[in-house]
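Okay, so here's the structure we're looking at.
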There are 2 protein chains.
Amino acid sequence: MKRGVLVLGHGSKLPYNREVVESVCSMLRQMRDDIMVVPAFMELCEPTIEDGLEELAKSGVSEVAVVPLFLAHGVHTLKDIPARLGLEDGKRECTYECGGVQLRIYYADPLGPAEAIARLVYERALEALGE
Amino acid sequence: MKRGVLVLGHGSKLPYNREVVESVCSMLRQMRDDIMVVPAFMELCEPTIEDGLEELAKSGVSEVAVVPLFLAHGVHTLKDIPARLGLEDGKRECTYECGGVQLRIYYADPLGPAEAIARLVYERALEALGE
């Protein structure tokens, strides 16, 4: 059973959100080459969520972890994105029909309050203070 | 010279953005107890940016790293927040007047495309896939 990860960014008119999403995808591909990794954006950028899922389906993927590349849950991750995936309220799994292919979707949590995030904030603070 | 960090979240009607910002503040305080750490929010939550800077100024802080707790630069980090801080276009430092106290502000970068972010995405993907 071929598996994939959709790394789902917010999207932006500026290029920086795309850069983070695409860099994260490259890093994930280096961590693990048996899982297909595809970027997508909720709004303002392409590929869209639907484009990304179609790419995975066309490549023979049947199980996809959709990971919202957001720091925390919010209206986007709890309402907007689940609606696009066809997830019922509060559910984490669904089947997504895509050009005759059925993708099994597993909806992941956003990054959350991790120690690694605090360490990055600390680095950014020290850089700014010139320490 | 007493220094501080303002950890600046987007803000949200839901509680999750606040949870991440406050957790990151707690973790930073454990990393380093000689720098005062204060949370703030760009919108929808309090303390506001102005509230946070006032708290730092009242505590005798004179140099502040303002770290936007955002994944990437975008309109918020490049336009909206600098305008609130009184930063001139493209500048990273300014003096912020606050109740007769002058705070020297050093504006930091957001998290950016770090390896640590990719590892968190990978963890979230595997959790969702039940691996």
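Note that the structure is a prediction, hence the values are computed from the model and not measured. Residue numbers start from 1 in every chain, and the chains themselves are labelled A, B, ... in the order their sequence lines are given, proteins ahead of strands.
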### Message
Taking the side chain as everything from C-beta on, heavy atoms only, tell me whether B/I117 gets closer than 4.5 Å to A/L69.
### Response
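Of all side-chain heavy-atom pairs linking A/L69 with B/I117, at least one is under 4.5 Å.
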
### Message
So for B/R119, is it side chain, backbone, both, or neither that comes closer than 4.5 Å to the heavy atoms of chain A?
### Response
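Its backbone and side chain both get close to chain A.
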
### Query
B/V7 versus chain A, heavy atoms under 4.5 Å apart: side chain, backbone, both or neither?
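Contact with chain A: side chain only.
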
Just how far is it from atom [atom1] of [X] to atom [atom2] of [Y], taken to the nearest 0.5 Å?
| X | Y | atom1 | atom2 | result |
| --- | --- | --- | --- | --- |
| B/L28 | A/Y122 | CG | OH | 8.5 Å |
| A/F70 | B/H10 | CZ | NE2 | 10.0 Å |
| A/E123 | B/D109 | CD | CG | 11.5 Å |

For each of [options], tally heavy-atom pairs with chain A at distances under 4.5 Å, and name the one with the top tally.
| options | result |
| --- | --- |
| B/V24, B/L6, B/N17 | B/V24 |
| B/R104, B/Q30, B/E127, B/E131 | B/E131 |
| B/E19, B/K13, B/R18, B/M31 | B/M31 |

### Neighbourhood of chain A inside residues 85-96 of chain B, taking heavy atoms under 4.5 Å as contact
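The list, in residue order, is empty: none.
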
### Task
Could you walk me through whether B/L111 and A/V20 pass the side-chain contact (heavy atoms from CB on, under 4.5 Å) test, one step at a time?
CA-CA 9 Å; B/L111 304 180; A/V20 169; over 6 Å; no

### Message
For A/L14, give me all partners under side-chain contact (heavy atoms from CB on, under 4.5 Å), at least two apart in sequence or on another chain.
### Response
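Applying side-chain contact (heavy atoms from CB on, under 4.5 Å) to A/L14 gives A/S12, A/Y16, B/V75, B/L78.
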
### Task
Output the option from A/A116, A/A108, A/S26 having the highest count of non-hydrogen pairs under 4.5 Å with chain B.
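Ranked by contacts with chain B, first place is A/A108.
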
### Query
Where is the tightest heavy-atom contact between B/L126 and A/R32, given as atom of each residue plus distance?
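Result for this residue pair: CD2-NH1, 4.0 Å.
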
### Query
What pair of heavy atoms forms the shortest contact from A/A65 to B/A125, and how long is it?
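Closest heavy-atom pair between A/A65 and B/A125: CB-O, 3.8 Å.
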
### Message
Counting only non-hydrogen atoms closer than 4.5 Å, does A/V67 touch chain B with its backbone (N, CA, C, O), its side chain (CB onward), both, or neither?
### Response
side chain

### Side chain / backbone / both / neither for A/P110 at chain B, heavy atoms under 4.5 Å
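When you check distances to chain B, only backbone atoms of A/P110 fall under 4.5 Å.
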
